[in-house]
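Keep in mind that what you see is a predicted model, and the values were worked out from it rather than measured. Count residues from 1 along the sequence.
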Amino acid sequence: MRIDVVSIFPTIFDALEVSLLGKARQSGLLDVHVHDLRAFTHDRHRTVDDTPYGGGAGMVMKPEPWGEALDAVTRDAVARPVIVFPSPAGERFTQATARELSVAPHLVFGCGRYEGIDERVFDYAAELGDVRLLSLGDYVLNGGEVAVMAMVEAIGRLIPGVVGNPESLVEESHEDGLLEYPSFTKPALWREREVPPVLLSGNHGAVAAWRREQQLVRTRERRPDLLPD
């Protein structure tokens, strides 16, 4: 998978060099390119924002640098890319969204700042690829970089070969609509706290039933909105 990220703070994405995603980049499973939006400006101040039409607080990101950046990152695309803009006004990013995007051959992420990006950029981007406005949740961040980092990690780890044991992906929270069951390891007794006896029983059927029940209990207590009505 190819991933292009456009941001005015490209060094934030140096974190993609570490851990499993870093190994995936080294092995060629992920082809990640980070672009500085200011490289697509033409004034000596490298200006990427201006005051909003109609008045109001804050600044809005100018369309022309974004237009040139999107032209550059999609020019040689071998397949129609999915162009993602993090936005509190977008649809909710979920595990299902991550799975859907993990099979796309080319993802482009645009990191907005200030009061957002000129709306015409989204219309233009739709001529170059399939545009998705996605939100991590019902809150506002200073910019799109943190959201893009979270999305890239959620998507990237679903690409075959990135996570060593693919079975671990199946049992995680949200994969089947429920939260993940609690996990334990050695020792069996730690600071007067015991591992549930069923996990030491060797009875795989009983273990599976206990884990499923724990998923339901956790989900009912913490995220009842995930359960069927």
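Judged purely by distance below 3.5 Å, without hydrogens or angles, the side chains of Tyr124 and Asp118 never pair a donor atom with an acceptor atom.
The hydrophobic cluster containing Val148 also contains Val146, counting ILVMFWY residues as joined when their side-chain heavy atoms lie under 4.5 angstrom apart, directly or transitively. Val198 and Tyr181 fall into different hydrophobic clusters, where Ile, Leu, Val, Met, Phe, Trp and Tyr residues are linked whenever their side-chain heavy atoms come under 4.5 Å apart, directly or through other members. In the hydrophobic cluster analysis, where Ile, Leu, Val, Met, Phe, Trp and Tyr join through side-chain heavy atoms closer than 4.5 angstrom, Leu178 is grouped apart from Val217. Hydrophobic clustering of Ile, Leu, Val, Met, Phe, Trp and Tyr side chains at less than 4.5 Å, counting indirect connections, keeps Phe122 apart from Phe40. Residues Leu199 and Leu179 fall into different hydrophobic clusters, defined by Ile, Leu, Val, Met, Phe, Trp and Tyr side chains chained together at heavy-atom separations under 4.5 Å.
Taking CD1 from Ile3 and CG from Leu21, the interatomic distance works out to 8.0 Å, rounded to the nearest 0.5 Å. Taken to the nearest 0.5 Å, the NE2 atom of His106 stands 10.0 Å off from the CE atom of Met1. Atom-to-atom distance recorded for Ser183:OG and Arg211:CZ is 7.0 Å, nearest 0.5 angstrom. The distance from the CZ atom of Phe109 to the CE atom of Met149 is 11.5 Å, given to the nearest 0.5 Å. Note that CZ of Arg220 is 12.5 Å distant from CG of Leu226, once rounded to the nearest 0.5 Å. Expressed to the nearest 0.5 Å, how far CG of Leu29 lies from CD1 of Ile159 amounts to 7.0 Å.
Residue pairs meeting the side-chain hydrogen bond (donor to acceptor under 3.5 Å, both in side chains) criterion with at least one partner in residues 139-153, sequence neighbours excluded, are Ser7-Glu145, Arg113-Glu145. Residue pairs meeting the side-chain hydrogen bond (donor to acceptor under 3.5 Å, both in side chains) criterion with at least one member in residues 47-66, sequence neighbours excluded: Asp43-Thr47. A salt bridge (charged side-chain N to carboxylate O under 4.0 Å, His left out) check over residues 182-206, counting only residues at least two apart or in different chains, returns nothing. Screening residues 1-28 for salt bridge (charged side-chain N to carboxylate O under 4.0 Å, His left out) gives Arg2-Asp4, Arg2-Asp31, Glu17-Arg25 as the qualifying pairs, with residues at least two apart or on separate chains.
When all heavy atoms are compared, the tightest approach of Val60 to Ile117 is CG1-C, 4.0 Å. Nearest heavy atom pair, residue Val121 against residue Pro63, reads CG2-CA, 3.6 Å. Considering every non-hydrogen atom in both Gly137 and Arg92, the closest pair reads CA-NE, 3.9 Å. When all heavy atoms of Ala69 and Val6 are compared, the closest pair comes out as CB-CG1, 4.0 Å. Residues Leu107 and Ala104 share a closest heavy-atom pair of CD2-CB, 3.7 Å. Smallest separation of non-hydrogen atoms from Ser135 and Gly90: CB-O, 3.8 Å.
Taking 4.5 Å as the limit, every side-chain heavy atom of His35 sits out of range of all side-chain heavy atoms of Val5. Here the side chains of Leu158 and Gln95 are in contact, with some heavy-atom distance below 4.5 Å. Side-chain contact between Arg132 and Leu101 is present, with at least one heavy-atom pair separated by less than 4.5 Å.
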Go through it in stages, so that I can follow the logic: the residues are Thr41 and Glu68, the test is side chain to side chain contact (heavy atoms under 4.5 Å, CB included), and I'd like the CA-CA distance, side-chain angles, deciding distance and then a yes or no.
CA-CA 9 Å; Thr41 60; Glu68 292 194 19; over 6 Å; no
Donor-acceptor pairs under 3.5 angstrom involving side-chain atoms of residues 78-85: please list them, not counting sequence neighbours.
| from | atom 1 | to | atom 2 | distance (Å) |
| --- | --- | --- | --- | --- |
| Arg80 | NE | Asp130 | OD1 | 2.9 |
| Arg80 | NH2 | Ala126 | O | 2.8 |
| Arg80 | NH2 | Gly129 | O | 2.9 |

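For Asp76, there are no side-chain hydrogen bond (donor to acceptor under 3.5 Å, both in side chains) partners two or more places apart in sequence or in a different chain.
Residues Arg38 and Asp36 are not paired through a salt bridge, judged by the lack of any N-O separation under 4.0 Å between the basic side chain and the carboxylate.
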